[in-house]
Each structure stands twice: as C-alpha cells, then as structure tokens.
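Scroll down for the structure; my scribbles are underneath it.
Read the numbers this way: they start at 1 and go in the same order the structure lists the ligands and their atoms.
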Amino acid sequence: VSRNPMNTIFLGPPGAGKGTQAQLIAEQFRLKHISTGDLLRKAMAEGTPLGKKAQKFVNEGSLVPDELVIDLIREVLPSNGTGFLLDGFPRTVEQAKALDEMLKTEKKKLQNVIYIELADDEATTRLLARKRSDDTAETVKNRLKVYHKQTQPVVDYYKNAKQLVKVDGSPSPDLVRKAIEKTFGGSDGHA
Ligand code: ADP
C-alpha cells in the first residue's frame with residue numbers, strides 16, 4: 001500500500017460545483033472532506049458562539065472574518081496522516097498564508113490545488129436554482145463580487161507557486177469528476 005498523501009484544495013466561484021465534487025472525490029480517495037460553508041451553517045444552526053458571530057456575514061454573502069475561519073480550520077485539520085480535501089477554504093490570501101503555516105508546522109504539503117472554473121452568468125443560474133437561504137439574487141451578486149475581489153488573488157497565489165491545476169466546471173458533474181480524477185494521476189487513491 002502506497003501511502004501517498006493527497007492533501008487537496010478546491011478553489012472556484014460559488015456555484016462551480018466544489019461541494020458536489022468534494023463529496024465524490026473525498027469518498028473516492030478516502031480524504032477528510034472539510035467544507036467551511038457546511039461547518040459554519042452547522043455552527044449557526046446550533047447557535048454556537050462561532051455560529052452567532054458568523055451569521056450576519058453568511059446571510060449578506062460576505063466573508064466571515066479570517067481569524068474565525070482560520071481557528072475553525074486549525075481545529076478540524078487532521079493531525080494524523082489522513083489526507084484532507086478543503087472545500088471553501090482558503091478564500092483570502094491571509095487564509096492561504098495561515099494554511100501554509102499550519103502545514104509547515106505539521107510537516108505536510110499540498111498535493112492538489114484544483115481550480116474549478118465557471119463564468120459568472122452560469123454560476124448565478126446554478127445558485128438561484130439551488131434555493132439555499134443565502135442564495136437570493138442580491139446575496140449571489142455579492143458573493144460573486146466578493147469572490148472576484150478576495151478569492152481571485154488566492155487563485156493567483158497558488159498559480160505563482162506553480163501548484164494550480166485548472167478544471168472546466170461547466171460540463172456535467174460526472175465529466176468534471178473525471179477531469180479532476182485525471183489530475184490526481186488516475187489512481188484510486190487507495191491502491
Ligand atoms: P458558496 O461556495 O456557494 O459561496 P459556501 O458554503 O462555501 O458557499 O459558503 C457560504 C458562506 O460561508 C460564504 O458566503 C461565507 O459567508 C462563508 N464562508 C465559507 N467559507 C469561508 C471562508 N473560508 N472564509 C470566510 N467566509 C467563509
């Protein structure tokens with residue numbers, strides 16, 4: 001059994017299919033799926049202190065402050081050899097740098113940084129069809145604006161580090177999954 005670590009990040013605009021792909025790929029490659037959006041929604045539903053602090057940011061479609069999500073990630077990142085798949089983090093260069101620090105401390109590396117690309121008009125159509133409570137026309141517009149302003153620089157950050165692999169997010173989920181799988185070297189992750 002090769003113990004190839006498969007630490008992975010999915011980047012891309014809201015609506016690109018990060019969550020859908022993350023579930024499929026995490027299961028296939030036995031990775032711990034970490035979605036900051038899911039974790040924040042859970043914290044809000046449970047009314048934890050984090051949930052209470054995050055609520056207004058999530059509701060208006062802006063980013064939750066870096067220190068809150070960085071602490072959250074620090075708590076849930078595997079401390080053993082389990083590979084992880086980050087979905088929705090990092091979303092700012094500040095968060096990317098904090099992740100680099102955490103990985104350095106743990107003597108870990110990123111193996112896959114996958115950028116799922118999707119045009120704004122297509123993203124908007126998908127998000128409005130989804131009907132999550134933060135998927136209103138107004139919020140979606142703001143999330144895309146925030147994405148371009150704050151998360152696009154994260155894409156460039158990993159591009160400059162020569163770690164970025166681009167995948168077209170517009171085809172069917174199955175085709176996108178196959179494209180991602182190919183960038184993983186075609187292995188099933190537990191050979
Ligand atoms: P989407 O990708 O469709 O925007 P997510 O579930 O990833 O949905 O995120 C929902 C909301 O949670 C975001 O609009 C933001 O308010 C908050 N959020 C999620 N991840 C982060 C993060 N890494 N940093 C700051 N805020 C975040």
Who's the nearest protein heavy-atom neighbour of atom 16 (O) of ligand 1, and how far?
S62 O, 2.6 Å

Which of the atoms in ligand 1, numbered in the order shown and given with their element, are less than 4.0 Å from a heavy-atom of L40?
12 (O), 17 (C), 18 (N), 19 (C), 27 (C)

Heavy-atom proximity to atom 23 (N) of ligand 1 ranks first, among G17, A54, G88, for G88

Using non-hydrogen atoms of the residue, decide whether R132 is closer than 4.0 angstrom to ligand 1.
yes

Under a 3.5 Å threshold, yes or no: a donor from one side chain and an acceptor from the other, between E138 and T136?
no

For T151 and R91, indicate whether the former's side chain and the latter's backbone hold a donor-acceptor pair under 3.5 Å.
yes

State whether E60 and K56 are salt-bridged, where the test is any N-O pair (Lys NZ or Arg NE/NH1/NH2 against Asp/Glu carboxylate O) under 4.0 Å.
no

Is the shortest N/O to N/O distance between G61 and ligand 1 below 3.5 Å?
no

Could you tell me whether K178 and D174 have a side-chain N and a carboxylate O separated by less than 4.0 Å?
yes

the protein heavy atom lying closest to atom 20 (N) of ligand 1 turns out to be T36 OG1, 2.8 Å

Considering only heavy atoms, which of R143, K18, R126, R91 lies nearest to atom 5 (P) of ligand 1?
R91

Assess, by modelled atom type and distance only, whether the side chains of H148 and D120 contain a donor and an acceptor separated by less than 3.5 Å.
yes

Minimum non-hydrogen distance to atom 3 (O) of ligand 1, winning option of M44, R130, R41, K56:
R130

Using a strict threshold of under 4.0 Å (side-chain N to carboxylate O), is an ion pair present between R126 and E122?
yes

Over all heavy atoms of both residues, which pair between V146 and L63 is shortest? Give the atoms and the distance, please.
CG1-CG, 3.6 Å

Starting from atom 24 (N) of ligand 1, what is the nearest protein heavy atom, named by residue and atom, and what distance separates them?
Q95 NE2, 2.9 Å

V64, any N or O under 3.5 Å of ligand 1 N or O
yes

